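The structure under discussion is supplied below as structure tokens; questions concerning it will follow.
All values reported here derive from a predicted model rather than from experimental measurement.
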Amino acid sequence: MSSFFKRSGLVIIACLILSGCFGRLQPVYSVMSHPIPSTAKSMSLKKISDVIELSAMNRKWLVEKQSPGLLKLTFRKKTHVAVVEVSFDQSSYSIKYLNSVDLLYNGGSIHRNYNRWVANLEKDIEMNLQKSAMNR
């Protein structure tokens, strides 16, 4: 009976370890046409760009201006690198995956940390656009 419990315990531990490994990959999270808050729609494109840049920099993303309404953001954490493109106008913004290093990207799935980083960026952009519009 004792060996049964030992084997069962080993099987349970193995399952827990394996489930942790497989749970790391998730479908790539993209932000598509997220509406600009209604209070911020009268902001200039430059002001919207400034708010997005500040939101990104506060989350430790490096910002490269590509053209009006288009930014390239790079996030580095240890050996991991994520690069996204943020496109925006006065009605919406989108965050699209460009490339990554050491995040297990396979064409449709990526390490869950990437999704968390992008979701946090989206949340901060939304919050900062609302704050900025209220402070005008």
Side-chain angles (χ1 to χ4, degrees):
M1 191 71 148
S2 174
S3 72
F4 171 77
F5 288 116
K6 285 181 184 176
R7 282 191 212 136
S8 297
L10 290 175
V11 168
I12 290 171
I13 290 171
C15 288
L16 290 173
I17 290 170
L18 288 175
S19 68
C21 293
F22 293 119
R24 292 188 304 174
L25 289 181
Q26 299 175 343
V28 174
Y29 180 64
S30 295
V31 177
M32 303 307 277
S33 299
H34 184 116
I36 298 284
S38 59
T39 55
K41 288 190 182 213
S42 63
M43 291 171 52
S44 69
L45 197 60
K46 165 98 172 78
K47 182 63 178 167
I48 292 171
S49 179
D50 291 345
V51 170
I52 292 171
E53 287 179 49
L54 182 63
S55 300
M57 290 187 295
N58 285 340
R59 286 274 176 188
K60 310 244 187 300
W61 290 82
L62 301 173
V63 178
E64 285 180 60
K65 294 179 184 179
Q66 301 294 297
S67 62
L70 187 63
L71 300 170
K72 181 177 169 185
L73 307 180
T74 304
F75 183 81
R76 297 178 195 282
K77 185 155 186 164
K78 297 180 184 178
T79 62
H80 310 290
V81 179
V83 182
V84 298
E85 176 181 87
V86 180
S87 57
F88 56 94
D89 56 28
Q90 290 174 294
S91 62
S92 68
Y93 65 91
S94 298
I95 304 172
K96 183 177 99 178
Y97 173 89
L98 287 181
N99 60 56
S100 62
V101 174
D102 204 18
L103 287 172
L104 307 174
Y105 179 71
N106 67 10
S109 297
I110 197 162
H111 194 284
R112 65 181 172 235
N113 286 348
Y114 168 86
N115 288 341
R116 184 171 41 87
W117 299 334
V118 171
N120 285 336
L121 177 63
E122 176 187 24
K123 178 185 66 148
D124 287 359
I125 291 170
E126 173 78 11
M127 180 182 65
N128 290 328
L129 283 169
Q130 287 178 358
K131 280 183 185 177
S132 185
M134 294 173 77
N135 291 333
R136 293 185 310 132

*Arg59: salt bridge (Lys or Arg N to Asp or Glu O under 4.0 Å) partners, not counting sequence neighbours*: Asp124

Which atom pairs, donor and acceptor, lie under 3.5 Å between side-chain atoms of residues 65-85 and protein residues at least two apart or in another chain?
from: Thr79; atom 1: OG1; to: Asp102; atom 2: OD2; distance (Å): 2.4
from: His80; atom 1: ND1; to: Asp102; atom 2: O; distance (Å): 2.7

*Asn106 side chain to Gly108 main-chain N or O, any donor-acceptor pair under 3.5 Å?*
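Yes, Asn106 side chain to Gly108 backbone: donor-acceptor pair under 3.5 Å.
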
*Check: Trp117 and Leu103 side chains under 4.5 Å, non-hydrogen atoms*: yes

_Derivation of the side-chain contact (heavy atoms from CB on, under 4.5 Å) call for Ile48 and Ile36_ = CA-CA 9 Å; Ile48 292 171; Ile36 298 284; 4.3 Å; yes

*About how many Å separate OG of Ser132 and CD1 of Ile125, when rounded to the nearest 0.5 Å?*
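So the gap between those two atoms works out to 13.0 Å.
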
_OG1 on Thr39 to CG on Asn135, rounded to 0.5 Å_ =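 Between Asn135 CG and Thr39 OG1, I get 10.5 Å after rounding to 0.5 Å.
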
*ring-ring contact (aromatic ring centres under 6.0 Å, His included): which pairs involve residues 37-57, sequence neighbours left out?*
none

_I'd like to know if the side chain of Ser55 reaches the main chain of Val51, judged simply by a donor and an acceptor atom lying under 3.5 Å from each other, with no hydrogens or angles considered._
yes

*Which pair of heavy atoms, one from Arg112 and one from Gly23, lies closest together, and at what distance?*
NH1-O, 3.2 Å

Identify each donor-acceptor pair in which a side-chain atom of residues 25-32 lies under 3.5 Å from a protein atom, sequence neighbours left out, and give them as a table.
from: Gln26; atom 1: OE1; to: Asn115; atom 2: ND2; distance (Å): 3.0
from: Tyr29; atom 1: OH; to: Glu122; atom 2: OE1; distance (Å): 2.5

*Are the side chain of Gln90 and the backbone N or O of Met43 linked by a donor-acceptor pair below 3.5 Å?*
yes

*Who pairs with Tyr93 by ring-ring contact (aromatic ring centres under 6.0 Å, His included), at least two apart in sequence or on another chain?*
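Tyr93: ring-ring contact (aromatic ring centres under 6.0 Å, His included) contacts with His34.
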
*Straight-line distance of Arg116 CZ to Leu121 CG, nearest 0.5 Å*: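 Nearest 0.5 Å value for the CZ-CG distance: 13.0 Å.
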
_Heavy-atom pair of closest approach, residues Ser91 and Lys41_ = O-NZ, 4.1 Å

*Tyr97 and Tyr114, any side-chain heavy atoms less than 4.5 Å apart*: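 In short, these two side chains touch, coming nearer than 4.5 Å.
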
_With Lys46 via side-chain hydrogen bond (donor to acceptor under 3.5 Å, both in side chains) - residues at least two apart_ = Asp50

*Would Leu98 end up clustered with Phe88 when hydrophobic side chains under 4.5 Å apart are linked, directly or stepwise?*
no

